[in-house]
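Encoded as structure tokens, the structure appears first; notes follow it.
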Amino acid sequence: DYIIFLHKGNIILKENKDILFSDYGLVKSTEEEFKKIKPEYVVNFRKNTFSYEILVNNKHQVLLDQPELTIENITIEKIMLFMTRKKWQI
């Protein structure tokens with residue numbers, strides 16, 4: 001099964017459902033920890049007052065690179081929110 005996200009008439013994500021739930025995750029980190037995450041793993045992020053929320057597409061590799069991070073499993077709703085937001089510059 002595949003999940004396809006459309007936004008404003010464009011496909012912004014087409015991914016196997018199992019891969020989506022096994023590889024994608026939500027990292028909550030400090031700015032210092034965020035800067036250490038390789039840009040190729042960052043789908044999008046949100047900067048809060050004291051922390052960052054980062055949608056990553058390879059949570060296993062991110063954990064290998066930074067084992068001190070905590071990565072939450074992601075829901076379809078959160079993926080949709082992060083995918084349809086304005087892309088932030090890293």
Is the shortest heavy-atom distance from the side chain of [X] to the side chain of [Y] under 4.5 Å?
X: Glu53; Y: Leu26; answer: yes
X: Ile37; Y: Asp65; answer: no
X: Phe5; Y: Ile76; answer: yes
X: Leu13; Y: Ile79; answer: yes
X: Tyr2; Y: Lys17; answer: no
X: Tyr24; Y: Asn58; answer: no
X: Glu72; Y: Lys28; answer: yes
X: Ile71; Y: Val62; answer: yes

Distance-only, no hydrogens or angles: does the [X] side chain make a donor-acceptor pair with backbone N or O of [Y] under 3.5 Å?
X: His7; Y: Met80; result: no
X: Asp23; Y: Asn57; result: no
X: Glu33; Y: Thr30; result: yes

Do you know which two heavy atoms are closest between [X] and [Y], and how far apart they sit?
X: Leu64; Y: Pro67; result: O-CD, 3.9 Å
X: Gly25; Y: Ile74; result: CA-CB, 4.3 Å
X: Ile12; Y: Thr84; result: CD1-CG2, 4.0 Å

ask   = In terms of heavy-atom contacts, does CD of Glu68 have more than 12 from other residues, nucleotides or ligands at under 6.0 Å?
value =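 Yes.
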